[in-house]
Amino acid sequence: MALLSLDNLAMYYALESEWVKAVDGISLSLDRGETVGIVGESGCGKTSLILSILRLLPENARFVGGRIVFDGMDLLKLPEQQMRRLRWRRISMIFQNAMNALNPVFRVGDQVAEALMAHEELSKREAETKVSSLFELVGLPGSRMNNYPHEFSGGMKQRAIIAMSLVCNPDLIIADEPTTALDVVVQDQVLRQIKEMQQERDFAMIVVSHDMSVIAETCEKVAVMYSGRVIEQGNSVSLFHDPRHPYTMGLLSSFPTLRGEKKRLSSIEGSPPDLSSLPEGCLFQPRCPYAKTICEKRPAMMDLGGQHFSECHFADDPQLRKTKLWGR
Amino acid sequence: MAASKLVSFLRTYKQNDMAVLGLVILGFSCALAVLAPVISPYDPFEQTNKLFSPPNLEHPFGTDNLGRDVLSRVVWGTRVSLLFGFGVAGISLALGIVLGAIPGYFGGLVDDLFSRFFEIYLMIPTLVLIILIISIFGTNLFFIMIIVGVTLWPSNARITRAQVLALKSRAFVQASVGSGASHLRVIFTHILPNGIYPVIVNSTLQMGNAILTEASLSFLGLGDVNQVSWGQILYVAQFHVKTAWWMAVFSGFAIMMLVLCFNLVGDGINFVMNPRLRRRTGDAGS
Amino acid sequence: MQPRQGSNPLIDVRKLKKYFPVRVTGLQRFSLRREGQRFVKAVDDVSFQISRGEIFALAGESGCGKTTTGKLLSLLETPSSGSIIYEGEDLANMKGRRMKHCRRRIQMIFQDPYESLDPRFTVMRTLLEPLLVHNIGTHSERNELVSSILEKVGLRPPRDFLMRYPHELSGGQRQRIAVARAMILNPTFIVADEPVSMLDVSVRAGILNLMLQFREELGITYLFITHDLAVARYMSNKIVIMYLGRMVEMGSTDEVLAQPIHFYTKLLMSAVPTPDPSAGRVRIKGISEVADPVNIPSGCSFHPRCQGRQEICAQLIPEMVDVGKGHLVACHKA
Amino acid sequence: MGEYVIRRILEMIPVVLIVIVFNFTIVHLAPGDPAVILAGERATAEYVEATRKRYGLDRPIHEQLILYLMSLMRGDFGDSLAYHRPVLELIVEKIPATLLLVLTSQLVSMVLGTLIGALSAKKYGSRTDRLISFTSVILYSMPVFWFGLILILVFGITLRWFPIWGITSPEMQLSGWGQVVDILWHLFLPVVTLSAAYLTPIFVRLSRSSVMEVMKEDFIMAARAKGLTENVVFFKHALRNALLPTVTQAGLLLGFVLSGALMTETVFGWPGLGRFMYESIFRRDYPTLMGLFIITSVCVAVASLITDIVYALLDPRVVYK
């Protein structure tokens, strides 16, 4: 049984006169110890999706359909009290901006210990010992526990956040753009740290990023989000080597690489639809160079075998793969 | 373009009913001030032998120690208060923008001097200073207006400075500088239009403060005796609270309403211009 | 894309320095113990030449001084010392009319398109401003120019965009407006500071290709500032790698990125992830983080993080040494 | 820390100097003879001449300033025209009463205001929030002395629950705890006046807006994600951070607070600096008014120092060096 499965999940924000369909029918599953990457551009609903899992949404958010099943429990039916106990103990997070995720007026160590003591009957002393050894594990001197966040550098804060996410030994860690704010060398170190921790502790992970390279290097499975939906998903090797959705193909040909041959890049013209007035047909159709009349209809998720799915009418059409869609 | 901006401003402003209430009171007060000679039933200076008569049909707000009609005095007092409020806020706004924009934009020594000055200003109890000056130099209304205006400008200057400082490093301002625009052009077309609204809000609040200050000074016996002002009425009233409560109650209420409307309007402008104050909601879930 | 290395470069930067005094803030201001004034050496002894029609990349991590260098070259900051020779004139400490004249020729594209357009200005007004500042053309000529530049940056038809405000445009569209604003004065040199790093991945290529197109068609020269080596590789023909205000390696982009010599360049390159799940990459274990720019290490500022450090590295600042084909490295081991 | 305090005390010197120079300038700019201003309009010719000698008003202007500074340094603020006693002595006598009023009101207002404002922010947009906001803006709009008069009218004159004048009831001849209770009883209405119509609304607004700001921070989301209860999130993480701007503002408001206290004292006959100032205005007692200006400035400066220290205790990011 999957550790986490989202089943046709839909979460909208209620504005005064309209719905913003931030998550609009997403299905996704994740096994123990597995890492899935969610990739998408700003405004595609990826942050809303992960906050839905933890039920940490603003008050105007409404779940309008679907289920979130975690370890057999339907999270949307769980009373708030139990949901709160589940947070961090079972599902923890690594935040995008470590600077802002740490409260500036408390010691870093205390903030890590706080998460532990909220869920386990421990004395302050015991908690501190545990935090200290965790600090050493992520490569921070244990004595640094007593420092305040402003005394940490960016990379150190991100390490502290990693330590914090591990403190209750969760089954699942959600990492929201874990390295976006960091320089490339530190990013590399942090990503490696996360990977090492995962090998040691064997937790499952959801990594959210706009950076295809980060996803490619860290995740076994990838889901590509566009306008509140997952439009393609599969294991990362097949998705990166054989994308079956014009959007994914476009994304992959839109950024340069440091290694390998130099190719002319192409961009995806236009912009994603407004989440409060989505088009009737395929969401990507207005920007798609391959669009045909059939695309006026919303495509169904097509199973391409080998756990590879794509929401394109032509996903199994060999012609799509042969056509050079992007780049003049 | 300007018209459409005004329309959209008013549309958001309308959502805040308290702010609308403030605007209504303000309109009413302005009308009273303009129409005072027509509306007020008696001459505010006219002394009669009906001393201390409690509110009745003839004198809805009663009469004072010299037999003057309190209602008429309150109506006329609106003029002085409004004039004082606008005058003080105007002086403070003009000084504040100029003296705040210069240190903010040019920085360096001028800015250091301004910061030092402001720190010192904060430690000076302004009311005591105003009292000292006015008690020595006399209580002419316009003089008081200038003195109060001159003591209030630093807060406008501080806000202007902070705004200018924040805006001048913004990329769109840098872009304008980089394209060769002059300092004045940058300040007047990019910085001030984008940064002025907190200063406007503060000025609105200062109008209320100015009116309260005038009332306080009058209450302490430092008002202009040649003017009919609410503070003057209260000054006299304090000696007769036990016998003639109406003298104190109505004029004080008038002050409160006028100050209230400025505060509500200030909040209203802030509500429109500062989207962060509006409802926290998630939208396009980035 | 071989750089046409002319005998007289468009821009010749010599021993450029920019030190910012460290401002004491908050309560430290009240300290009785006044230490000597300290400086952040944002740009320290930087020299390079940019030829006409070249795209010259400045790369490095945050705080390496690349943005400050860009500001110095676009006249938004004045250098502490050194000179920037542009068409035979020194831009450092330039003033008045001559400065205004140079500003017309040198334009800038900023990182954040949400920041670089005045939120109260329509597209029309944003694009008219530089023309008005320099008193170019008649009313109708100016309108003509605005429309044609919108056309050139791919915002078609222009009339659909003229009356829009920045908040009514997407990130990519805004950045196109920013490019248009830089191009409308017909400049020779453009400083582009991370022009795509704030944009969504899918629209980045559009901006990059637009800039390449202007180079090909109009011979625009660019200083291209980026933290992303892959983007630098795509765009530039020459590259400088900076670290803590100093240049560590310079040369043709292909050469430097194919055969990096400085340990810092190697470290940077090894840290860049690959968008290919099956490609393993060799990672150099990085040591700690960039040092505090106020307390730059002695000698080679990179030495505490360097795998190949020797005794001399802590004592002597290495000079840029030519290792052949215009490839320069500041390393004692080079 | 100690060094920092010394530094801050040294910082006050320019403030005091500026205030003194200000006084000096005013006296010399004023219409009429400075000696008459300092000696009082009804003073005899001999007394005016004696005053002229005393302050050296017949000497060149820069010597006068130095003389004035010197005499102030000796603690000689001149003699009160009304009491014929040294001004400094009179002022020092009045400080404790004002301090009692200001500190009590400030404490009550900060605690109440912060909690009410936080509640308002927590229930943002609700009926409670609107009620709190509206009430506080109304209270804030009242002239503080008028509110005092109304309280006197209602609770003092009509209901006779509280005394309306002074700090004690001398006719009751109380001592010990009885006296303390008597003072508190007299203190009640002035404190209510100063808090309700002046200070509390300010703190409500400050606290409301800063709590609202803090609640949007990422670390609040992080605290919730950690599975902390909403109370811990709010009281531990949000309120502590929201206090910081409140304390800063409280420091900036000190001059303003003093003004309110002076007005309140006037209405209630509270025998502090405010009442004293009122009497001095009435009697055109300029040496006293000038002395009051200097002393109140020093008081505000000291209070701002204390505020800064409190701030530093709350915010670890502040470093003393």
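Each chain gets a letter, A, B and so on, in the order the sequences are listed, and its residues count up from 1. The structure presented is a predicted model; accordingly, all values stated were derived computationally and were not measured. Every heavy atom of this structure was used, including side-chain atoms; hydrogens, water molecules and symmetry mates were not.
Options B:Ile124, B:Leu122, B:Ile136 differ in how many heavy-atom pairs under 4.5 Å they form with chain D, and the most are formed by B:Ile136. Taking chain D as the reference chain and counting heavy-atom pairs below 4.5 Å, the highest number among B:Ile255, B:Ile134, B:Val249 is found for B:Val249. Of the listed residues (D:Phe256, D:Phe145, D:Tyr278), the greatest number of heavy-atom pairs within a distance under 4.5 Å of chain B belongs to D:Phe145. Heavy-atom pairs under 4.5 Å with chain B peak, among D:Val27, D:Leu153, D:Leu258, at D:Leu153. The candidate with the highest count of non-hydrogen atom pairs below 4.5 Å against chain B, out of D:Ile150, D:Val257, D:Thr296, is D:Thr296. Among B:Ile120, B:Leu212, B:Leu220, the residue with the largest count of heavy-atom pairs under 4.5 Å with chain D is B:Leu220. Of the listed residues D:Phe293, D:Phe22, D:Phe282, the one with more heavy-atom pairs under 4.5 angstrom with chain B than any other is D:Phe293. In terms of non-hydrogen atom pairs under 4.5 Å with chain D, the most contact-rich of B:Ile211, B:Asn209, B:Leu222 is B:Leu222. Between chain D and the options B:Ser155, B:Ala215, B:Gly208, B:Ser216, heavy-atom pairs under 4.5 Å are most frequent for B:Ser216.
Residue contact with chain B, scored on non-hydrogen atoms closer than 4.5 Å, involves the backbone and the side chain of D:Leu289 alike. At a 4.5 Å heavy-atom cutoff, the contact between D:Ile138 and chain B is made by backbone and side-chain atoms alike. Looking at B:Phe253, the atoms closer than 4.5 Å to chain D (heavy atoms on both sides) sit in the backbone and in the side chain alike. Looking at D:Val137, the atoms closer than 4.5 Å to chain B (heavy atoms on both sides) sit in the backbone and in the side chain alike. Both the backbone and the side chain of D:Met142 come within contact range of chain B, with heavy atoms under 4.5 Å apart. Of the atoms belonging to B:Ile130, not a single heavy atom falls under 4.5 Å from chain D. For a residue to count as touching a neighbouring chain, one of its non-hydrogen atoms must lie under 4.5 Å from one of that chain's; by this rule D:Leu139 does not touch chain B. Both the backbone and the side chain of D:Ile26 have a heavy atom closer than 4.5 Å to some heavy atom of chain B. For a residue to count as touching a neighbouring chain, one of its non-hydrogen atoms must lie under 4.5 Å from one of that chain's; by this rule D:Arg205 touches chain B with the side chain only.
Proximity of D:Asp285 to D:Glu279: side-chain heavy atoms (C-beta onward) are nowhere separated by under 4.5 Å. B:Gln238 has its side chain out of reach of D:Val267: every pair of non-hydrogen atoms, C-beta onward, lies at least 4.5 Å apart. When side chains are defined from C-beta on, D:Tyr311 does not count as touching D:Thr307, because their heavy atoms never get closer than 4.5 Å.
Side chains of B:Glu214 and B:Ser218: a donor-acceptor N/O pair is present below 3.5 angstrom, by distance only.
For D:Ser141, the side-chain hydrogen bond (donor to acceptor under 3.5 Å, both in side chains) test picks out B:Asn263, with sequence neighbours left out. Among residues two or more places apart in sequence or in another chain, the ring pair (Phe, Tyr, Trp, His ring centres under 6.0 Å) test is passed with B:Phe114 by none.
Below 30°, between 30° and 60°, or above 60°: for D:Phe24 and D:His28 the angle between ring planes is between 30° and 60°, a tilted geometry.
Heavy atoms of other residues, nucleotides or ligands lying less than 6.0 angstrom from CZ of B:Phe143 number more than 12. Shown here is D:Arg284, whose CZ atom has more than 12 heavy atoms of other residues, nucleotides or ligands within 6.0 Å. More than 12 heavy atoms of other shown residues, nucleotides or ligands fall within 6.0 angstrom of atom CZ in B:Phe137.
Put simply, the residue from B:Leu83, B:Leu152, B:Ile147, B:Val150 that forms a side chain to side chain contact (heavy atoms under 4.5 Å, CB included) with B:Val88 is B:Leu152.
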